[in-house]
2 protein chains.
Amino acid sequence: MARSATTSDVFNAIAEAQRRQIIDLLSHGERSVNDVAAALGIRQPQASKHLRVLKEVDLVSVRGSGQQRLYRLNGEGLKPIHDWTMTFEHFWEESFDRLDEYLKQIQSKEKKND
Amino acid sequence: MARSATTSDVFNAIAEAQRRQIIDLLSHGERSVNDVAAALGIRQPQASKHLRVLKEVDLVSVRGSGQQRLYRLNGEGLKPIHDWTMTFEHFWEESFDRLDEYLKQIQSKEKKND
DNA sequence: CTATTATATTCCTATATAAGAATATGTCAA
DNA sequence: TTGACATATTCTTATATAGGAATATAATAG
């Protein structure tokens, strides 16, 4: 069996570095295909192909504007990945418990001050 | 050009669903290769191969224990993914700004009270 | 040493890219 | 319609799996 399709889920779609670059770019606002290609220094057909993959996993949406097609990031599509990694936050966030403690403390102080 | 190697970075390594399952399993503690294979319902060689990929990107470590090889999760290796997705948190966390505001407020109050 | 158990590696095959090149399709202006 | 620009698709090729099967290597018990 070969590797899963890049369009099989978000995890596979973002495995490609250039697609992550596109996502980063689109986080600043919608962009045309040529803008994407220029920003990444790749050719237009490759940009179209990457955008197609991102569209198939619903990480971007498109709208026509004249001859152009403006792609917009659907950041919410990245939530599953964020959620999954959150499970392992305690591996590097050693102050997690202490911050939680701190928040509870100052919140109780707030109550007294109100 | 083909797809990047699964061992090229953490993003490619975790694209495979079974490798994510292994990571989930190892988050409960170290496991032998056969334990991993049994837990996922796959054969031992496939488990070994997946673990090799995870090891090459430093997501797991190994130690020998008799005839067994116990694999342990290095959760910190997932931080790059977590950090990247964090950039897009505001797409689904609409109360993010307000929480930030709140934290600043109570912290300034703390200073006054001390 | 030998048998047993545990793990890793090799070989094979079907499949899925990603990039380049060429081309098709779409949209608008005159 | 024709020309110009923007985008999408098709075709080809080199490469990288992931799984099964078979085998090699490692470690321990007796």
Side-chain angles (χ1 to χ4, degrees), chain A residues 1-23 25-26 29-73, chain B residues 1-23 25-26 29-73:
Chain A
M1 204 181 287
R3 235 195 288 193
S4 304
T6 55
T7 55
S8 58
D9 58 43
V10 181
F11 285 92
N12 279 280
I14 66 153
E16 185 64 31
Q18 296 197 325
R19 280 195 287 269
R20 291 200 301 281
Q21 285 184 46
I22 292 178
I23 290 173
L25 177 65
L26 294 187
E30 56 184 11
R31 294 281 189 282
S32 72
V33 178
N34 269 332
D35 281 354
V36 170
L40 300 215
I42 62 179
R43 298 177 191 286
Q44 174 269 315
Q46 326 308 332
S48 269
K49 288 174 198 170
H50 283 315
L51 287 164
R52 189 185 208 277
V53 172
L54 295 176
K55 177 124 192 6
E56 285 200 40
V57 296
D58 206 43
L59 274 175
V60 300
S61 57
V62 213
R63 72 182 179 93
S65 173
Q67 334 182 29
Q68 304 191 345
R69 306 253 296 160
L70 300 180
Y71 282 83
R72 173 190 295 272
L73 177 62
Chain B
M1 206 182 286
R3 234 196 288 194
S4 304
T6 55
T7 54
S8 58
D9 58 43
V10 181
F11 286 91
N12 278 280
I14 66 152
E16 185 65 30
Q18 295 197 325
R19 281 195 288 268
R20 290 200 301 280
Q21 285 183 47
I22 292 179
I23 290 172
L25 176 64
L26 295 187
E30 56 185 11
R31 294 281 189 281
S32 72
V33 177
N34 268 332
D35 282 354
V36 170
L40 300 214
I42 62 180
R43 298 177 190 286
Q44 174 269 316
Q46 326 307 332
S48 269
K49 288 174 197 169
H50 282 316
L51 287 165
R52 189 185 208 277
V53 172
L54 294 176
K55 177 125 193 3
E56 285 201 40
V57 296
D58 205 45
L59 273 174
V60 301
S61 58
V62 214
R63 71 181 179 94
S65 174
Q67 335 182 31
Q68 302 192 343
R69 307 252 297 160
L70 300 180
Y71 282 82
R72 172 190 295 273
L73 177 62

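So you know, we letter chains A, B, ... as the sequences are listed, proteins then strands, and number each from 1.
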What is the separation between atom [atom1] on [X] and atom [atom2] on [N], rounded to the nearest whole Å?
| X | N | atom1 | atom2 | result |
| --- | --- | --- | --- | --- |
| B/Leu54 | D/dT17 | CG | P | 13 Å |
| B/Arg3 | D/dT17 | CZ | C1' | 8 Å |
| B/Ile42 | D/dA21 | CD1 | C1' | 16 Å |
| A/Arg43 | C/dT23 | CZ | P | 16 Å |
| B/Arg63 | D/dA26 | CZ | C1' | 17 Å |
| A/Leu40 | C/dG20 | CG | P | 13 Å |

[atom2] on [Y] to [atom1] on [X], rounded to 0.5 Å:
| X | Y | atom1 | atom2 | result |
| --- | --- | --- | --- | --- |
| A/Ile23 | A/Leu51 | CD1 | CG | 10.0 Å |
| A/Leu25 | A/Gln18 | CG | CD | 12.5 Å |
| A/Thr7 | A/Asp58 | OG1 | CG | 13.0 Å |

Quick one, which residues of residues 4-19 of chain B touch DNA chain C with a heavy atom under 4.0 Å?
-> none
What string of B, S and - do you get for nucleotides 1-13 of chain D 5' to 3' if you count protein non-hydrogen atoms under 4.0 Å?
-> ----BSBBBB---
Main-chain N/O of [Y] paired to [X] side chain as donor or acceptor, under 3.5 Å:
| X | Y | answer |
| --- | --- | --- |
| A/Arg31 | A/Leu26 | no |
| B/Asn12 | A/Ala15 | yes |
| A/Arg19 | A/Ala13 | yes |

Does B/Arg52 CZ have over 12 foreign heavy atoms under 6.0 Å away?
-> no
Considering the options B/Leu59, B/Val53, B/Val36, which one meets the side-chain contact (heavy atoms from CB on, under 4.5 Å) requirement together with B/Ile22?
-> B/Val36
